[in-house]
Amino acid sequence: MAGKKKSKKKKEEDLKQKSLFSYVESSKSEKMGEEEEERTLDEETEELQDISEEFEEDAEMEVEVVQDQIYGEDIIKFKKAKVKSPSEIIPIPQDLFFKGNDKPFGLKEGNIKLEKISRESVTSKYIRYLIQKGEIVQNLERGLLLDVDYDGTQNKAYCKFYDLDTGEVKIWIDTTNHEPYCLSKEPISELKKNKELIGYDGFQRFEEIKRMDLLSDKEIKMTKIYGKTPINIGGSGTNIKNILAGNDKKAWEADIRYHLNYIFDRQLIPGLIYSIENGTIKKVKFKESEDESKKITQELHNLFKDESIEIQEFSEKFLDIFLTPIPDVKRMAMDIEVNIGEHDYRVPDPRQAKQEIISISFVATDGLKRVYILEREGFTYSKPHKNFPADAEVVFYKSEKALLTETFRILWKYPIVITFNGDNFDLNYMFHRADKLKISRDLNPIHVKRGFGILSKAECDLRKGVHIDLFNFFFNRSISGYAFGGAYESSSLNAISDALLGKEKYQHEEEIHEMEYNILSWYNLKDSLLTLELTKFNSSLVWNLIILLCRITKMPIHEMVRRQISTWIQNIFYFEHRRRGFLIPRRAEISELKKGGFKKSVIEGKGFQGAYVISPVPGIHYDVVVMDFASLYPSIIKEYNLSYETVLCPHEDCKDNLLRNTPYHTCTHKMGIFAYVVGFFRDIRVKYFKPKSSDKALSEKQRNYYNTIQQALKVFINGSYGVFGSQNFPLFCLPVAESTTSIGQYSIKQTIKKSEEIGVKVLYGDTDSVFLLNPSKDQMSKLSHWSKQELDLDLEEEKTYQFLALSERKKNYVGIYKDSKYVDIKGLVAKKKNTPDFIKKVFSHLLEILKNVTNNEEFSKAKKEIIEIVRDNLKKIGKSDAFSLEDYAINIALQKSLSGYDKVIPQHVRAALELKKATGKEFQKGETVTFIKTKGGNGAKAIELASLQDIDIKKYKELLRSALEQILDALGISFDEIKGIKKMDAFF
DNA sequence: TAGAGCTGCTTACCT
DNA sequence: ACAGGTAAGCAGCTCTAT
């Protein structure tokens with residue numbers, strides 16, 4: 001039955017900490033401790049049939065199913081296919097075969113003749129086709145702006161709108177005559193003397209403009225230098241930027257990609273609704289109900305009425321962004337299966353596209369459920385798999401070319417196509433495979449571009465529609481970390497793409513190329529079902545999140561889903577600069593003016609000093625209250641007016657406005673751009689959307705929506721400090737980063753002082769928290785008030801431990817929550833994913849005992865039991881009947897490719913190299929190696945090659961010892977003491 | 001020449 | 001192309017006692 005093996009008790013604390021996404025965390029932790037039973041195909045598939053109902057009512061379940069996919073632990077087990085004699089082969093019923101379709105599609109539709117243009121991109125050709133056909137949209141009532149890009153052939157920006165009335169994508173080309181440009185501080189008269197510039201082919205003309213220069217806090221005259229095309233401005237080779245640089249002059253805003261520049265200049269907001277009238281686009285004020293939006297507008301006005309003018313003005317600009325409902329759009333998920341040979345461990349190279357595509361599945365929001373299957377020799381089909389949905393259809397093809405062609409027909413039809421890893425695999429593969437099969441490019445809907453980012457080798461767009469690769473989105477560090485609570489961090493990225501091909505880890509089961517049609521079709525369809533479901537669950541949470549993030553970042557969807565938080569934040573600030581007529585500074589300008597570096601980092605080689613960690617008071621403590629500063633760094637940035645232009649501002653009268661614990665001053669005239677943007681996000685989340693998201697007076701749908709907004713905001717709030725502190729951030733300003741952490745250090749240190757003054761002992765603390773020994777309500781509120789008064793920061797009660805074990809180690813402790821008895825483990829070896837299971841088992845046994853301890857008497861009792869357990873387990877190591885080989889396994893991730901280890905070769909790398917040599921298995925960056933510590937040889941052996949006799953008993957005893965010492969230390973038990981008892985036992 | 005002692009590399013964690 | 005601080009194990013080296 002669906003999910004029967006998973007217990008559904010949720011940890012109260014998880015709920016509190018992770019809000020909506022807590023179920024991800026809890027399902028993961030439940031998985032950890034459990035033995036993974038083998039689920040049969042039946043169980044799995046029954047689950048899927050119920051998926052749609054389940055997703056409505058049971059959030060926990062959905063993600064479990066999804067998790068299997070993400071983790072590459074797709075648990076489907078198949079029986080090995082039997083080899084059949086020819087008489088056993090039943091032919092496929094004729095009516096299941098594709099019957100042909102002559103209707104033209106793609107660029108073949110209509111009788112359009114296009115002249116050849118060499119080196120033209122496939123999208124550019126499509127746009128020429130639309131122009132010729134008269135299908136560039138001139139009038140549109142309500143269009144959701146999805147994408148903005150640049151088209152080389154037209155030399156113009158173009159937009160993709162989702163027509164809310166027809167569900168189609170409409171393409172609009174800029175009609176405002178926007179041109180590429182960069183800026184110079186030289187006057188036109190001076191620039192005219194530059195023969196190279198004037199004579200340059202790509203140069204267009206000059207224009208005098210004014211910009212506010214934040215660094216000098218003055219309005220300055222500048223020259224706008226127009227180029228013919230974006231590549232004439234920046235990029236590589238000869239261009240205006242380089243010509244200026246060659247003459248020792250600088251160009252401003254020359255590195256902004258054209259389509260983004262276009263968005264900034266036109267102040268377009270992707271994700272909002274626009275209308276087009278006779279070629280002119282206009283933002284639609286979208287108001288479902290006048291009263292409702294008026295009320296919210298009023299509430300938000302009141303919220304910010306005491307804030308700075310900068311925040312008030314900025315908040316106005318976000319009304320639309322938050323108030324406009326997010327339309328649920330028509331979309332289709334798809335997935336392909338490729339015929340991979342036996343014993344082939346490599347992921348097929350999409351650019352080569354050597355193997356045939358044997359199956360493609362489609363699932364769409366309009367009810368489409370379909371699988372296209374290629375007929376191959378030796379396979380039979382009598383009826384669908386018993387779990388194959390009744391409303392899904394299978395179509396067989398005699399040729400791969402027809403199969404792919406018909407796939408393209410569907411791809412042209414849907415406005416939004418969802419894949420999981422389609423950039424690097426599915427779409428990329430189909431594009432190149434189509435070339436191989438000599439399918440006309442005019443029918444091919446895919447546009448393969450060069451990729452960027454950590455893992456993207458390619459970016460696959462659609463010429464007409466929009467492609468969203470969920471792999472990119474889900475593995476964005478901020479999305480996985482802040483929005484989904486780090487739930488799938490432990491999975492290697494490569495394992496997921498492998499899981500989609502369904503081969504890795506399933507060597508013992510039937511492989512894809514051996515599957516009968518009924519199994520293959522169901523297997524293939526299931527992936528698309530899940531992929532679409534990923535965008536649909538929780539009232540389209542993920543889709544809503546994607547659109548909200550587009551609106552907040554002002555990035556086109558194709559770019560937003562593929563970029564990291566630093567680019568998102570950069571874009572927000574560029575857009576804001578342009579909105580207010582601020583000059584976007586050059587990176588070097590900031591660093592020359594504001595050098596910083598007043599304190600060295602604790603860690604050698606880091607850019608600046610970070611947080612302060614209080615040395616713990618070792619021992620057992622009861623009734624410990626943890627208080628912490630609510631979003632410490634963002635609060636500091638807002639309250640202390642930290643921004644690249646305000647810290648060390650040029651005004652004489654600000655020079656004595658020193659920031660605490662730093663040699664820097666900050667501006668008293670205006671609020672800095674970092675300060676008001678981060679401040680606004682923080683305030684509106686904490687004071688408005690977070691309370692709304694749990695407001696019982698609202699409908700569930702509304703609460704869900706507000707929760708999505710507060711979750712999206714959290715991404716920016718939590719990510720902002722890290723981005724500001726990154727040397728690669730174009731607006732990086734060392735004194736800002738230093739001031740943030742330095743004021744943080746000051747705040748926590750003053751808090752310790754104050755606590756002790758009012759008679760509360762501080763046991764420990766890290767960055768933004770203090771662990772207080774049994775404080776009274778009165779003492780806590782005193783501390784809170786003092787913090788607000790003296791530090792301008794909110795110090796709040798976070799949690800209470802009935803029991804807390806501290807060792808002398810920082811970032812290392814075990815606490816048990818007072819009410820829920822939830823065991824909170826931080827940093828201990830036993831918690832780390834590279835610790836062998838048998839150690840984790842012993843450890844959790846100890847914790848079970850500690851759970852009930854509330855005072856010293858109970859503790860002494862527990863102590864005796866613990867000594868007993870440790871002694872017992874030490875003896876068991878290496879005994880054949882005690883632990884299994886898997887219990888000794890150590891998992892370590894490869895942070896680099898195998899060849900990248902040139903300084904030292906760690907054990908896990910040696911184990912991987914040995915396994916590669918023995919079996920040919922490839923390891924990629926990010927993948928996890930599972931190995932056993934062995935006597936002699938390498939000292940390590942991949943689990944695939946090891947047996948129980950190989951284990952190094954001495955090493956494992958050592959490991960158990962050091963893991964347990966972390967907690968035994970705190971309990972006041974010495975390991976030697978335990979060993980001593982063992983000896984005495986042996987004596988008597 | 002084995003082993004002690006050290007430094008630096010590597011990974012995983014905490015906030 | 002988000003930050004710094006901490007713990008732990010090991011690789012690889014030099015030095016030293018034998």
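Computed from a prediction, not measured in an experiment: that's the story for all the values here. Chain identifiers are assigned alphabetically (A, B, ...) following the order of the sequence lines, protein sequences preceding nucleic acid strands; residue numbering begins at 1 within each chain. As a basis for the values below, the full set of heavy atoms in this structure was taken, side chains included, without hydrogen atoms, waters or symmetry mates.
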Mind checking [X] for me? I need base, sugar-phosphate or nothing, with any heavy atom below 4.0 Å counting as a touch.
X      : result
A:N812 : sugar-phosphate
A:N728 : base
A:Y612 : nothing
A:G719 : base
A:F716 : nothing
A:G607 : sugar-phosphate
A:L828 : nothing
A:K599 : nothing
A:G722 : base

Side chains of A:Q745 and A:K749, donor plus acceptor under 3.5 Å: yes

Would you say the side chains of A:T930 and A:N891 form a donor-acceptor pair under 3.5 Å?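 Distance-only check passes for A:T930 and A:N891.
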
For A:E589, check side-chain hydrogen bond (donor to acceptor under 3.5 Å, both in side chains) against everything at least two apart and list the hits. A:K185, A:W252

With sequence neighbours excluded, tell me which residues meet side-chain hydrogen bond (donor to acceptor under 3.5 Å, both in side chains) with A:K954. none

Could you go over nucleotides 5-11 of chain B and give all protein N or O partners under 3.5 Å, atom names and distances?
| unit_1 | atom_1 | unit_2 | atom_2 | d |
| --- | --- | --- | --- | --- |
| B:dT10 | OP1 | A:K896 | NZ | 2.9 |
| B:dT11 | OP1 | A:Q895 | N | 3.4 |
| B:dT11 | OP1 | A:Y901 | OH | 2.2 |
| B:dT11 | OP1 | A:H908 | NE2 | 3.3 |

